[in-house]
Number of protein chains: 2
Amino acid sequence: MREIVTITKALANDVRLRILMMLSEGELCACQIIEVLDLAPSTVSKHLSILHQARLVDARKNGRWVYYQRSRIGTSPINGDIFRWLRESLKNDDQIKTDAVTLKKITKIGVEELCKRRAQKD
Amino acid sequence: MREIVTITKALANDVRLRILMMLSEGELCACQIIEVLDLAPSTVSKHLSILHQARLVDARKNGRWVYYQRSRIGTSPINGDIFRWLRESLKNDDQIKTDAVTLKKITKIGVEELCKRRAQKD
DNA sequence: TCTACATTTCGCCACTTAACGAATTATACT
DNA sequence: AGTATAATTCGTTAAGTGGCGAAATGTAGA
């Protein structure tokens with residue numbers, strides 16, 4: 001029960017649903033997710049940790065960057081039901097659609113260039 | 001998005017998951033749900049209203065009793081995924097199993113007798 | 001080694017949630 | 001009409017959540 005409630009709590013937030021939808025296409029660097037959401041890094045990091053604790057996303061560290069992707073557990077038959085439902089329910093959502101557009105622009109420039117630009121702004 | 005978050009928030013609580021599991025077999029009177037959960041009637045009523053607002057349960061008034069059941073929306077293909085996942089994930093949960101046992105005893109005596117006994121305790 | 005920087009952790013604040021009892025509403029029965 | 005009672009709404013309180021900036025952590029490159 002505790003495990004299931006951890007998962008449903010993780011899903012009970014619009015920012016975290018946006019993150020999960022962004023990860024539909026594949027893995028993303030934390031900095032890319034931060035850029036799309038336009039929230040404080042610490043806030044996004046907390047959301048990612050909640051998703052990770054619920055075993056909905058996996059983290060992979062590469063150099064100073066951390067990449068996230070939907071977990072293998074999340075793609076298993078049992079949890080696959082949730083994702084199918086979320087994808088189906090949110091595929092026409094405006095926020096999700098604009099996120100996808102923003103994401104496409106960002107993935108084009110690549111992680112290194114994205115962070116370089118980000119550093120210049122400070 | 002708002003609608004989906006309303007649903008996931010409704011699912012993000014153990015008491016409400018217990019209620020949904022209790023309603024797997026069919027409709028129940030509010031007083032039966034209150035009896036199984038052993039919480040204040042006002043608390044349970046609030047939970048039921050949250051489930052109702054999320055369109056996960058329907059309410060039917062009969063005399064002074066109110067009967068709840070899983071909503072038809074909830075049984076549609078789209079939301080059916082969630083229920084299937086919940087049922088599958090929780091079928092071996094201890095709390096859910098003891099709830100089922102308690103419920104069986106309570107449904108045997110019937111709603112009128114249950115409320116009569118309840119009144120005598122005061 | 002020292003610096004830069006991506007990410008996380010921590011501390012704080014505003015807001016929400018879940019619990020209860022008291023008061024209210026609505027229905028059945030006398 | 002008046003009473004009893006199932007259920008809900010309201011007000012209050014304690015605990016949890018989501019946001020931020022500051023500080024800490026860890027890694028790449030000078």
Side-chain angles (χ1 to χ4, degrees), chain A residues 2 5-19 27-54 57-68 106 109-122, chain B residues 2 5-6 8-19 27-54 57-68 106 110-122:
Chain A
R2 168 184 287 272
V5 175
T6 301
I7 293 172
T8 55
K9 275 187 191 297
L11 298 175
N13 175 275
D14 59 330
V15 172
R16 290 194 290 271
L17 293 184
R18 289 170 66 193
I19 294 173
E27 73 173 11
L28 291 174
C29 176
C31 65
Q32 296 175 307
I33 299 170
I34 290 165
E35 186 72 17
V36 173
L37 295 175
D38 197 27
L39 289 169
S42 60
T43 303
V44 176
S45 182
K46 178 68 176 165
H47 283 303
L48 286 167
S49 121
I50 289 168
L51 288 169
H52 185 64
Q53 273 197 288
V57 305
D58 287 334
R60 172 177 77 83
K61 193 162 194 175
N62 187 6
R64 58 181 126 179
W65 290 289
V66 180
Y67 289 86
Y68 287 92
I106 285 170
I109 47 180
V111 173
E112 304 216 11
E113 179 64 18
L114 174 65
C115 289
K116 205 177 290 176
R117 290 191 195 176
R118 196 164 178 54
Q120 284 172 356
K121 280 201 296 183
D122 303 335
Chain B
R2 168 183 289 270
V5 175
T6 300
T8 55
K9 275 188 191 296
L11 298 175
N13 176 276
D14 59 329
V15 173
R16 289 193 290 271
L17 291 184
R18 288 169 66 193
I19 294 173
E27 72 174 9
L28 291 173
C29 177
C31 64
Q32 296 175 306
I33 299 170
I34 290 165
E35 186 73 17
V36 173
L37 294 176
D38 196 28
L39 289 170
S42 59
T43 303
V44 177
S45 182
K46 178 68 176 163
H47 282 303
L48 287 166
S49 121
I50 289 168
L51 288 169
H52 185 65
Q53 273 197 286
V57 305
D58 286 335
R60 172 177 77 83
K61 193 160 193 176
N62 186 7
R64 59 180 127 181
W65 290 292
V66 180
Y67 290 86
Y68 287 91
I106 284 170
V111 174
E112 305 216 11
E113 181 64 17
L114 174 65
C115 289
K116 204 177 291 178
R117 290 190 195 176
R118 194 164 179 54
Q120 282 173 359
K121 281 200 296 185
D122 303 334

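Lettering follows sequence order; numbering is per chain, from 1.
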> Taking for each residue the nucleotide of DNA chain D bearing the nearest heavy atom, is the 5' side occupied by A/Ile50 or by B/Val66?
Replying inline: B/Val66

>> Without decimals, in angstroms, what is the distance between B/Tyr67 OH and C/dT27 P?
In response: 15 Å

> Between A/Asn62 (CG) and D/dA28 (P), how many Å, whole number?
Replying inline: 8 Å

> When all nucleic acid strands are considered with a 4.0 Å heavy-atom cut-off, which category describes A/Lys46: base, sugar-phosphate, or nothing?
Replying inline: nothing

> Taking CD1 from B/Ile33 and C1' from D/dA6, how many angstroms apart are they, rounded to a whole number?
Replying inline: 13 Å

> Could B/Arg117 and B/Glu113 be called an ion pair, given the rule that one side-chain N must be under 4.0 Å from one carboxylate O?
Replying inline: yes

>> Is it the case that D/dG18 (base atoms only) and A/Thr43 (side chain only) share a donor and an acceptor within less than 3.5 Å, ignoring hydrogens and angles?
In response: no

>> Keeping B/Arg2 on the side-chain end and A/Asp14 on the backbone end, is there a donor-acceptor pair under 3.5 Å?
In response: no

> Please give, in whole Å, the distance from C/dA18 P to B/Lys9 NZ?
Replying inline: 9 Å

> Between B/Arg117 (CZ) and D/dT5 (C1'), how many Å, whole number?
Replying inline: 18 Å

> Can a side chain N or O of B/Asn13 be found less than 4.0 Å away from OP1 or OP2 on C/dA18?
Replying inline: yes

>> Side chain of B/Leu39 only, heavy atoms from C-beta on: which candidate in D/dA7, C/dA19, C/dT8 is closest?
In response: C/dA19

> What's the shortest heavy-atom distance between A/Ile106 and A/Glu35, and which atoms?
Replying inline: CD1-CG, 3.2 Å

> Less than 4.5 Å apart, any side-chain heavy atom of A/Cys29 and any of A/Tyr68?
Replying inline: no

> Out of C/dA28, C/dG21, D/dG29, which nucleotide sits closest to the side chain of B/Arg64?
Replying inline: C/dA28

> A/Lys116 has an atom NZ; how far is it from atom P of C/dA4, in whole Å?
Replying inline: 17 Å

> Counting side-chain heavy atoms from CB outward, which of D/dA7, C/dC20, C/dT8 is closest to B/Ala40?
Replying inline: C/dC20

> Rounded to the Å, how far apart are B/His47 NE2 and C/dT16 C1'?
Replying inline: 14 Å

> Which nucleotide sits closest to the side chain of B/Ser42: C/dT9, D/dC20, C/dG21?
Replying inline: C/dG21

> Distance check: side-chain N/O of A/Arg16 vs OP1/OP2 of D/dG18, anything under 4.0 Å?
Replying inline: yes

> Would you say A/Leu51 and A/Ile19 make side-chain contact, with heavy atoms under 4.5 Å?
Replying inline: yes

> Given atom CH2 of B/Trp65 and atom P of D/dA7, what is their separation to the nearest angstrom?
Replying inline: 8 Å

